[in-house]
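Each chain gets a letter, A, B and so on, in the order its sequence line appears, and its residues count up from 1.
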Amino acid sequence: MQFAEAILHYDFLQHALLAGLLGGLAAGIVGTWVVVRRTSSIAGAVAHCVLAGLGLARWLQEVHGISWADPMLGATAAALVAAALIARASHNQSEREDTVIAAIWAVGMAIGLLFIASTPGYTEDLMSYLFGNILLVRTADLWMMALLDVAVLAIAVSLHGEIQALCFDEAFARMRGLPVGRLSLLLHTVTALAVVLLVSIVGIVLVIALLTLPAAVAGRFANTLGRTMVLAVILSVFFTTVGLGMSYTYDLPAGATTIVLAGVVYLGVRVFWRGR
Amino acid sequence: MTTTTPVIDVQGVSFAFGPVEPVLRDVSFAVERGDFASIIGPNGGGKTTLVKLILGLLSPQSGRIRVFGQSPEKARPRIGAMPQHAVTDAHFPIRVIDVVLMGCLRPGRNLGPFSSADHDAASEAIVRVGIEGLEHHAYSTLSGGQRQRVLLARAIAPKPELLLLDEPEAGLDRKVEQDFFDLLEELNQESTVVLVSHDLGFVASFVRTVICVHGTVDVHPTSHLDGSVINTLYGGDVHMVHHDRHL
């Protein structure tokens with residue numbers, strides 16, 4: 001059955017397609033902020049800490065019977081804690097920020113692995129956490145993605161000038177009296193939430209690519225931050241949709257197919273497009 | 001004493017980053033309205049710290065700073081600032097007009113797009129610094145001299161009464177630097193200009209007052225500058241220098 005035809009027949013493919021659309025919107029906008037602020041390592045660390053939250057929630061559910069400990073809740077909490085820790089470390093300049101990021105990255109991952117090892121029967125989940133499984137996206141996840149999209153769009157429109165100033169020239173933003181600390185925290189928080197939701201599409205290991213590659217390609221063609229975002233959204237949606245189609249057609253893992261596609265386009269643009 | 005309120009009034013200010021030797025010790029000086037002053041001194045002498053104190057981004061451990069007779073935080077919207085090393089990511093996707101509009105940002109601004117008044121102010125600033133026609137060019141494609149003008153336009157867009165520039169000439173060649181200072185002299189017709197520089201020899205031909213920062217502060221009218229002032233600043237020897245005000 002062709003991909004286009006299969007979509008009409010299978011709910012899980014429709015969900016997957018919708019997840020790509022909704023996730024792509026957040027990825028394009030948030031990813032543009034991440035790329036121009038050069039905070040992709042922060043996004044990577046937050047993504048790996050998500051495993052600690054997922055593992056903890058699973059462990060509480062399975063071993064201790066605490067049913068409200070939803071993995072999504074755990075993932076969100078872990079991502080926000082990681083983002084707050086990194087924001088604090090970068091504010092307190094006596095710490096080397098990259099060292100703090102590397103530590104949080106690895107320790108978060110390790111905590112997650114320990115919880116998963118202590119939870120009987122759930123080791124097989126590890127693969128879908130790490131590499132994503134867009135075909136397992138639940139209706140509740142789609143609603144959360146839609147909610148995040150609304151929040152991200154509202155922030156991008158209402159605070160565009162402020163965020164642009166923060167990304168372009170933080171010293172100047174401070175001199176104009178903008179609340180630089182609170183704006184940074186807002187961006188860290190939105191990034192953390194986007195990471196959590198994108199993890200369900202491409203997984204912990206690959207999420208950083210879905211955030212950065214579309215925006216990096218877009219930045220080579222667009223001459224404003226707004227146009228970069230629009231183009232990054234289009235590219236994100238293109239990568240997730242075509243990635244899903246290719247994975248269905250050739251029976252490949254969807255997350256990996258999506259990221260390889262994005263990587264090929266990124267490299268192609270770098271090599272063959274001389275830029276403006 | 002003059003009857004008008006000085007633009008910048010610094011009285012007995014000391015500042016230290018933590019429990020170490022203070023960067024500034026008991027500093028007092030005033031900048032009068034319409035002045036064209038330069039803050040000079042060796043690296044690490046406290047020039048940028050002084051700028052941050054005037055902008056209210058740092059608070060002194062002792063002493064008092066007033067700008068237009070107000071606290072620095074309150075006066076901040078009346079100051080047009082050009083921070084040091086302002087150029088960030090060389091490939092940042094942004095146009096000249098977007099950079100200049102940043103000057104119109106202020107706390108409490110209405111959310112959303114810039115107002116038409118902000119756009120008018122930005123266009124006016126662009127004409128003022130002589131870069132009209134470049135509005136829609138990508139900032140990343142401009143020359144160093146053009147970029148400095150864009151950043152100056154950004155500083156003057158909100159029509160500040162005080163222009164505070166931190167080493168704006170860094171990285172420019174002499175011809176471009178000369179043109180830039182000519183432009184500052186023009187802007188000095190309307191606003192007080194204070195500029196931080198490490199290049200005393202060059203600024204001396206433009207500015208009227210030199211504020212020497214090396215832990216303490218001396219103020220010299222430019223006409224009184226001589227070798228011994230420079231020696232005091234950059235050499236090890238500290239001697240009393242002849243100048244008419246030792247504040």
Heaviest contributor of heavy-atom pairs below 4.5 Å to chain A, chosen from B:R106, B:E73, B:R95, is B:R95
How many angstroms lie between OG1 in A:T224 and CZ in B:F92, if you round to the nearest 0.5 Å?
10.0 Å
Around atom NZ of B:K159, are there more than 12 heavy atoms of other residues, nucleotides or ligands at under 6.0 Å?
yes
If I take atom CE from residue B:M82 and atom CE from residue A:M175, how far apart are they, to the nearest 0.5 angstrom?
10.5 Å
Which portion of B:L101 sits near chain A, non-hydrogen atoms under 4.5 angstrom
neither
Heavy-atom cut-off 4.5 Å, strictly under: side chain, backbone, both or neither for A:V36 against chain B?
both
Looking only at heavy atoms, the pair that brings B:P83 and A:A171 closest together is CB-CB, 3.9 Å
From CA spacing to verdict: side-chain contact (heavy atoms from CB on, under 4.5 Å), B:D98, A:L225:
CA-CA 9 Å; B:D98 303 314; A:L225 202 57; over 6 Å; no
Counting N and O atoms only, with roles assigned by atom type, does the side chain of A:R176 sit under 3.5 Å from a partner on the main chain of B:G103, one being a donor and the other an acceptor?
yes
Interatomic distance, CZ@A:F172 vs CE@B:M102, rounded to 0.5 Å, equals 8.0 Å
B:H136, part contacting chain A, at a heavy-atom distance under 4.5 Å:
backbone
Looking only at heavy atoms, which two atoms of B:P107 and A:L178 are closest? And how far apart?
N-CD2, 4.4 Å
CG/A:D169 to CG/B:L151 distance, rounded to the nearest 0.5 angstrom?
7.0 Å
Mind listing the closest non-hydrogen atom pair of B:R76 and A:G177 along with its distance?
NH1-CA, 3.1 Å
Measure the spacing between CG of B:L105 and CD of A:E162 and express it to the nearest 0.5 Å.
5.0 Å
Scored by heavy-atom pairs under 4.5 Å with chain A, the best of B:L57, B:V51, B:I79 is B:L57
